[in-house]
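Along the sequence shown, the residues carry numbers beginning at 1. In this text the structure is predicted, and so the values were computed from the model without any measurement. Both backbone and side-chain heavy atoms feed into the values below; hydrogens, waters and symmetry mates do not.
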Amino acid sequence: MAGMGEAMDCRGGRAVDLTGAEIRGDLEARNPPIFLPRQPTAAVPLVALDLGGTLIKLVYTASCEGGGDGAELRFAKFERRRLHECFDFIRAKGLLGCNGTRSGKENVPLKASGGGAYKFADDFREKLGVCLDKLDEMDSVVSGANFLLQNIPGAAFTHMNGQRNPVDVSLNNLFPYLLVNIGSGVSILKVTGNRKFERVTGTHIGGGTMFGLAKLLTGCKSYDEFLQLSQKGDNFVLDLIVKDICGELVCQKQGLATSTLASSFGKVITSKKRLTDYKPEDLASTLLSAFTYNIAQSQMQAVFLRHEGYLGALGALMSYGDLSGENHTLEESKEKEPHHESAAPVDGTSSDEENDGNIFPYLLVNIGSGVSMIEVIGKGKFERIIGSHLGGGTILGLARLLTGCSSYEEFLELSQRGNNLSVDLTVGDIYGEQGYPKIGLPASTTAASFGKVNSSKLSDYKIEDLAAALLNSFTYNIGQIAYFVANLSGLKRIFFRGAYVCGHEKTMDKISRSLKYWSKGEVQTTFLCHEGFLGTLGAFWSYENMGIDSLAAHEVIREVLLGAPYTGQFPSLPVTEQQENGENNTLEEEIESLRNNNAALKAEVERLQRENAELRAKLQGANLVNQ
C-alpha cells in the first residue's frame, strides 16, 4: 500500500504545461478536447473534479488519439445523484493509481472543488480509495476562466441568431470583466486579475431552477433532453406579449414592438387548459426564454466560453504543481473571511421629513403580469429603467400548471401551508452545515429554487410545497432586481404597487425580506395598496403628490402599466396603405373599443381623485382633533 507522500510525489508534484495549447477536433462540438503539445504523457493522468449542486464535471489528461507527442484535456459530466456513474467512469478510464497499479491508488489525492468535495469525500475514499484535495469553488472558477481566456485561442465567442462568432481576446486589455457562473444557482463575479475577484451578487433562479421545473412540467429526464424539446417548441403559446395586452394599433401608436415579451406563462392565467393540454416542447421553450432572459438582463455584449461548464474543474486542474499556497481551501477561507450578516433597518424618518418636497426621487416598481421599474424624479417626470417578464403572471401561470389552483388567493393559501425546502436546494445541501463562509452564505441560504427536484413525476411532490417554492423564488427575484436598480440609480426609496402585491401580506413580507437582505436595511420599502393610504409613520401618499397622477396619459400606459421588459427605443410604425384601405371594420371596432376603455379609465381616475379628496379631508380633520 502506497503512503500519502508517495502518492503526492506521483501525482501532485506535476503541473500542467500550457505552452501551445489549442482546441482540437470538431470546433463546433460542445466540449472538444484541448491539445497540450508540451504535456508529457504519463501512466498517471491528472484528474480534477467540480462537484456542484446538480452536476459533477470531470477534467483529465489522456494520450492523444492516434498516438504522438503531447496529451489532451478531456471532459466528462454526470448528474450528481448518479455519483456511481462517475466512479465507474474513473475506473474504466484507468484514472487511478500510480504506475497503473491497483495497489497504488490508496489515498491518491484528486483535486476537487465545489460543495460536493466535502459532502462526498467519504464516498470517494470508500469506493475509490482516493482522498480529495479540496479547493475553493470561486477561486477555481476564476482560474478556469482565466486559463481559457489567456491560453486557448478561439475559446471565447458570441452567439446571436444561431450564429457563433469567435472573439479575439487581448491579453493586455482582459481585465476587468464580469464572469456569470451559471450552475444550480447563479454567481456573478467581478474579475480584476489572476486570482483577484469579488462576488458582486447571485441568484437562486438558475440552472437548477430551470431543470427542476422542466422535469415537473415536461417529464424530461436530462438537461440535454430539455434543450432538445425547447428547440422544437413555441413559447408564444404560453407567453403573454405586448400585443395581447393593448392590441396592435396601440403598439403602433406607442412605438412598441408587438412581439415584446410582457409576461412568461402569462397566457395560462386566462386559459382553461391543464398542464397535460400543453405540448412539452412549448413548455420547454417558454421555460428557456424565461430564465435565460432573467439572467442576462443588460445592454452589454454576452461572450461565452466553449468549455464554460468546466471552469471549476479546469481551475482545480491548474492547481497541480502549484506551490504558492494561493489556492485556498474552504477551511482556510472560513478562517480568513468574516461572516456577513444583514444589517438592521435604518431608523425611520419623521413625517415632517416625508413631505411633497423631498419624496423625489424614488423607484416605482409596478408588479402586474410582468414587472416594470420607473425612476420618478418629480411630478410628471419619470423614466422607465428596466423591466422583467417574470412577474405576477408568471407566478400564477406556473402555479396553475403545477398545483391546479384557480386563483392567486388560493395559490397564496397553498404556499402558507407548504415548505419550500422540500424542493429548494440550500447552500447547506451543497457545502454542508458550515455553509460557504468566504462569500457570506450560511447553510440555510437558498442556492437553487426547485434544485432538489429529482423526480419527473409531479405527483411525487405536495402542491403546497411547490406553491411555497414558487412564491419564494419570484418575490425574492423581484426584490433583488429592485434593490440593484435602486442602488445603481442612487435611490433610497422603493414603492411597490400592483394587484399581485397589494393586500397580500405574504407577498409583501417576502419582498421586504429580500430588500432588507440585499440593502442591509439601507433602502426604505413601501407598498401602495390604493390610490392613497396612511403609511406606518403617518405620512400620506397619493398618486398626485407622488407625481404619477396622469394615469390616462399614453406615456404611463407605455412605461408603467404594461410592465414589459425594456428592449430599447422603437420607432413608431407607419400605417401601411393596406391598413388604410382595408380591414376598416376591424380598425373601427378597435378604435371604438379604445374610446370605451379611455372613458372607463377617465371615470376610474375621477373616482380615485374623489377618494383622494375625501381621505385628505379626513386626515386634516384628524390632525385638527389631535391639535
Check: Do you know which two heavy atoms are closest between His307 and Pro32, and how far apart they sit?
Finding: NE2-O, 2.6 Å
Margin query: Looking only at the side chains, is there a donor atom on one of Ser222 and Asp224 sitting less than 3.5 Å from an acceptor on the other?
Written below: no
Margin query: Run Leu55 and Glu79 through side-chain contact (heavy atoms from CB on, under 4.5 Å) and show every step you take.
Written below: CA-CA 5 Å; Leu55 298 174; Glu79 288 189 43; 4.1 Å; yes
Notebook entry, point to check: Do Val371 and Phe474 come close enough that some side-chain heavy atom pair is under 4.5 Å?
Noted result: no
Next item on the list: Count the heavy atoms belonging to other residues, nucleotides or ligands that lie under 6.0 Å from CD of Glu198, then report whether that count exceeds 12.
Entry: yes
Next item on the list: First locate atom CG of Leu238, then atom OG of Ser285, and finally report the distance between them rounded to the nearest 0.5 Å.
Entry: 9.0 Å
Notebook entry, point to check: Do the side chain of Thr209 and the main chain of Ser449 share a donor and acceptor less than 3.5 angstrom apart?
Noted result: yes
Check: Is the backbone of Cys64 close enough, under 3.5 Å, to the side chain of Glu72 for a donor and an acceptor to pair up by distance?
Finding: no
Next item on the list: Please examine the side chains of Arg80 and Phe120, heavy atoms only from C-beta on, and report whether any two atoms are closer than 4.5 Å.
Entry: yes
Item checked: Candidate pair Leu18 and Val16, rule side-chain contact (heavy atoms from CB on, under 4.5 Å), full reasoning -> CA-CA 6 Å; Leu18 305 177; Val16 180; 3.6 Å; yes
Note to self: So which atom in Val427 and which in Ala447 form the shortest heavy-atom distance, rounded to 0.1 Å?
What the structure shows: N-CB, 3.9 Å
Next item on the list: Look at the aromatic rings of Tyr223 and Phe226 and report parallel, tilted or perpendicular, splitting at 30° and 60°.
Entry: tilted
Item checked: Nearest atoms (heavy-atom pairs only) where Asp282 meets Asp234 -> OD1-N, 2.8 Å
Next item on the list: Answer yes or no: is there a side-chain heavy-atom contact under 4.5 Å between Asp139 and Phe197?
Entry: yes
Notebook entry, point to check: What distance separates Tyr483 OH from Ser519 OG, expressed to the nearest 0.5 Å?
Noted result: 6.5 Å
Margin query: Within the 3.5 Å criterion, strictly below it, is a donor on Tyr436 or Asp136 matched to an acceptor on the partner's side chain?
Written below: yes
Note to self: Looking at Gly315, is its backbone amide N or carbonyl O close enough to the side chain of Ser143 to form a donor-acceptor pair, meaning the two atoms are under 3.5 Å apart?
What the structure shows: no
Notebook entry, point to check: Got a salt bridge between Asp424 and Lys452, using NZ or NE/NH1/NH2 to carboxylate O under 4.0 Å?
Noted result: no
Check: Between Thr218 and Ala284, is there a donor-acceptor pair closer than 3.5 Å when you use the side chain of the first and the backbone of the second?
Finding: no
Next item on the list: Please work out which of the three classes, parallel, tilted or perpendicular, describes the rings of Tyr293 and His389, given edges at 30° and 60°.
Entry: tilted
Next item on the list: Mark yes or no for whether Thr445, through its side chain, and Leu441, through its backbone, hold a donor-acceptor pair below 3.5 Å.
Entry: no
Next item on the list: Would you sort out whether Arg38 and Asp69 count as a salt bridge (Lys or Arg N to Asp or Glu O under 4.0 Å), showing the intermediate values?
Entry: CA-CA 8 Å; Arg38 300 286 295 274; Asp69 297 332; over 6 Å; no
Item checked: Interatomic spacing from CG in Leu49 to OG in Ser140 - rounded to 0.5 Å -> 11.5 Å
Next item on the list: Test side-chain contact (heavy atoms from CB on, under 4.5 Å) on Leu58 and Phe75 and set out the steps.
Entry: CA-CA 6 Å; Leu58 187 150; Phe75 306 85; over 6 Å; no
Next item on the list: Verify whether one side chain among Gln150 and Asn194 offers a donor that lies under 3.5 Å from an acceptor in the other.
Entry: yes
Margin query: Parallel, tilted or perpendicular: which one describes the rings of Tyr60 and Phe89, with boundaries at 30° and 60°?
Written below: perpendicular
Checklist line | Residues Glu281, Lys279: salt bridge by 4.0 Å N-O rule | finding: no
Check: Which pair of heavy atoms, one from Lys134 and one from Ala121, lies closest together, and at what distance?
Finding: CE-CB, 3.9 Å
Margin query: To the closest 0.5 Å, what do you measure between OG (Ser489) and CD1 (Ile386)?
Written below: 10.0 Å
Next item on the list: Tell me, with the steps shown, if Phe211 and Phe450 meet ring pair (Phe, Tyr, Trp, His ring centres under 6.0 Å).
Entry: CA-CA 8 Å; Phe211 188 30; Phe450 294 91; over 10 Å; no
Check: What heavy-atom pair brings Gly312 and Asp50 nearest, and what distance separates the two atoms?
Finding: CA-OD2, 3.8 Å
Item checked: Steps toward side-chain contact (heavy atoms from CB on, under 4.5 Å) verdict (Ser388, Asn294) -> CA-CA 7 Å; Ser388 171; Asn294 185 67; 4.1 Å; yes
Checklist line | Sidechain-backbone polar pair: Asp17 side chain, Thr19 backbone, donor-acceptor under 3.5 Å | finding: yes
Check: Looking only at heavy atoms, what is the nearest atom pair of Gly206 and Val186, with distance?
Finding: CA-CG2, 3.8 Å
Next item on the list: State, yes or no, whether a side-chain contact exists between Leu73 and Leu317 at a heavy-atom distance under 4.5 Å.
Entry: yes
Checklist line | Note, Ser230 side chain near Leu287 side chain (heavy atom, < 4.5 Å) | finding: no
Item checked: Gln480 side chain vs Gly202 backbone, donor-acceptor pair below 3.5 Å -> yes
Item checked: Heavy-atom side-chain contact between Leu217 and Leu398 under 4.5 Å -> yes
Item checked: Check: Val200 and Leu189 side chains under 4.5 Å, non-hydrogen atoms -> no
Next item on the list: Please answer whether the main-chain N or O of Lys221 pairs with a side-chain N or O of Glu225 as donor and acceptor at a distance below 3.5 Å.
Entry: yes
Note to self: Any donor-acceptor pair under 3.5 Å linking the side-chain atoms of Thr394 with those of Ser264?
What the structure shows: no
Notebook entry, point to check: Any donor-acceptor pair under 3.5 Å linking the side chain of Arg74 with the backbone of Val59?
Noted result: no
Notebook entry, point to check: Could you state the interatomic distance from CG (Leu311) to CG (Leu179), rounded to the nearest 0.5 Å?
Noted result: 6.5 Å
Notebook entry, point to check: Does NZ or CZ of Lys111 lie under 6.0 Å from the centre of the six-membered ring of Tyr320, at an angle within 45° of the ring axis?
Noted result: yes
Check: So, Arg199 and Ser187: side-chain donor and acceptor under 3.5 Å apart, yes or no?
Finding: yes
Check: Is the closest side-chain heavy-atom distance between Phe175 and Val191 below 4.5 Å?
Finding: yes
Checklist line | Candidate list Val130, Asp133, Leu46, test side chain to side chain contact (heavy atoms under 4.5 Å, CB included), partner Leu110, passing option | finding: Val130
Item checked: Thr203 side, atom OG1; Ile188 side, atom CD1 - distance, nearest 0.5 Å -> 8.0 Å
